[in-house]
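Each residue takes its place number in the sequence, starting with 1. Order of appearance sets the numbers: ligands from 1, and atoms from 1 within every ligand.
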Amino acid sequence: MKIFLADVQATLHLGIKLGQILTAGSVILLEGDLGAGKTTLVQGIGQGLGITESIVSPTFTLINEYIQGRVPLYHLDLYRLEPQEVAALNLETYWEGIEIEPGIVAIEWAERMPYQPDSYLRVCLTYGDNGDRQVEITPLNCNINELFVE
Ligand SMILES: Nc1ncnc2c1ncn2[C@@H]1O[C@H](COP(=O)(O)OP(=O)(O)OP(=O)(O)O)[C@@H](O)[C@H]1O
Ligand SMILES: [Mg+2]
């Protein structure tokens, strides 16, 4: 099911809801073209977790870690990497949460991953016709409409 995101606020709002309900160990695979709203959604997730620090795109840093919220947020961006480089990163360290404190792992350009964790939330963002966006989330173990209740 595709959900309409009319403006930036709608994308942020969805992220805030996710940040409020997701538990440590959740992996969010963010897919969508350049500028589709992946970082914006993660900024919302950060707000929902109670992070006041500003969340900036990790395109060059690869990963940014925020430990100020309800659970840690690990924000990755694989845009600049080839799949074999992604494989060498041992990303499973993040979702196994053995060597690091379990948190929410949000990965932009997840299409570049040669392997996925056992369970994850896939969030696909696409452009609408009027400068808006659409999002498809699969699977979601809750009523998706709950995410949009103010
Ligand atoms: N629902 C929306 N409607 C219109 N514009 C939006 C919406 N959501 C986000 N935007 C805007 O889209 C632009 C790009 O957003 P963002 O940086 O989050 O995209 P991205 O997918 O992370 O891009 P990149 O591929 O470069 O990482 C920003 O200016 C943001 O404010
Ligand atoms: Mg981005």
Side-chain angles (χ1 to χ4, degrees), residues 1-22 24-95 100 103-117 120-140 142-150:
M1 185 181 81
K2 286 203 169 162
I3 299 159
F4 179 66
L5 298 171
D7 53 22
V8 182
Q9 290 309 319
T11 307
L12 282 172
H13 184 67
L14 173 63
I16 290 170
K17 289 290 173 182
L18 290 172
Q20 289 170 343
I21 63 175
L22 290 176
S26 300
V27 181
I28 305 160
L29 304 186
L30 292 150
E31 302 183 355
D33 288 342
L34 270 175
K38 301 177 292 294
T39 299
T40 308
L41 194 84
V42 179
Q43 288 166 341
I45 291 172
Q47 275 190 49
L49 286 170
I51 296 165
T52 54
E53 223 177 310
S54 62
I55 289 175
V56 292
S57 175
T59 305
F60 293 96
T61 51
L62 202 63
I63 173 152
N64 291 336
E65 303 189 3
Y66 304 89
I67 54 163
Q68 187 200 4
R70 178 172 62 80
V71 298
L73 173 64
Y74 303 108
H75 182 192
L76 292 92
D77 189 331
L78 307 178
Y79 180 66
R80 307 181 68 80
L81 302 181
E82 301 293 332
Q84 62 268 31
E85 294 177 296
V86 176
L89 286 177
N90 296 320
L91 290 179
E92 60 277 7
T93 308
Y94 284 98
W95 55 78
I100 57 158
I104 292 176
V105 187
I107 307 176
E108 296 190 39
W109 293 98
E111 299 94 320
R112 306 243 196 293
M113 288 167 73
Y115 56 88
Q116 280 85 30
Y120 54 84
L121 210 58
R122 186 190 297 276
V123 176
C124 295
L125 288 149
T126 47
Y127 282 88
D129 294 331
N130 302 303
D132 47 63
R133 307 286 192 272
Q134 290 180 331
V135 65
E136 191 159 29
I137 304 178
T138 48
L140 195 60
C142 72
N143 182 348
I144 204 156
N145 293 314
E146 283 174 20
L147 295 173
F148 295 92
V149 176
E150 294 292 332

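Residue contacts with ligand 1, taken as heavy atom pairs separated by less than 4.0 Å, do not involve Gln43 at all.
Nearest to the Mg ion (ligand 2), among the N, O or S atoms that Glu108 has, is OE1.
Counting non-hydrogen atoms of other residues, nucleotides and ligands closer than 6.0 Å to CD1 of Ile67 gives a total of 12 or fewer.
The shortest N or O to N or O distance between Leu41 and ligand 1 is not below 3.5 Å. Any N or O atom pair closer than 3.5 Å counts here, and Thr59 shares no such pair with ligand 1. On a distance-only criterion, Ser57 and ligand 1 share no N/O pair closer than 3.5 Å. Taking any N or O of Thr39, backbone or side chain, at least one lies under 3.5 Å from an N or O belonging to ligand 1.
Listed by number with element, the atoms of ligand 1 under 4.0 Å from a non-hydrogen atom of Gly131 are 3 (N), 4 (C), 5 (N). Listed by number with element, the atoms of ligand 1 under 4.0 angstrom from any heavy atom of Ala36 are 19 (O), 20 (P), 21 (O). Within ligand 1, the atoms closer than 4.0 Å to a non-hydrogen atom of Leu34 are 25 (O), 26 (O), numbered from 1 in the order shown.
A donor and an acceptor atom, one from each side chain of Gln134 and Tyr127, are nowhere located under 3.5 Å apart.
Under the side-chain contact (heavy atoms from CB on, under 4.5 Å) test applied with Val123, the options Leu14, Val42, Ile137, Leu29 reduce to a single match, Ile137.
Distance remark: protein heavy atom present below 4.0 angstrom from atom 25 (O) of ligand 1.
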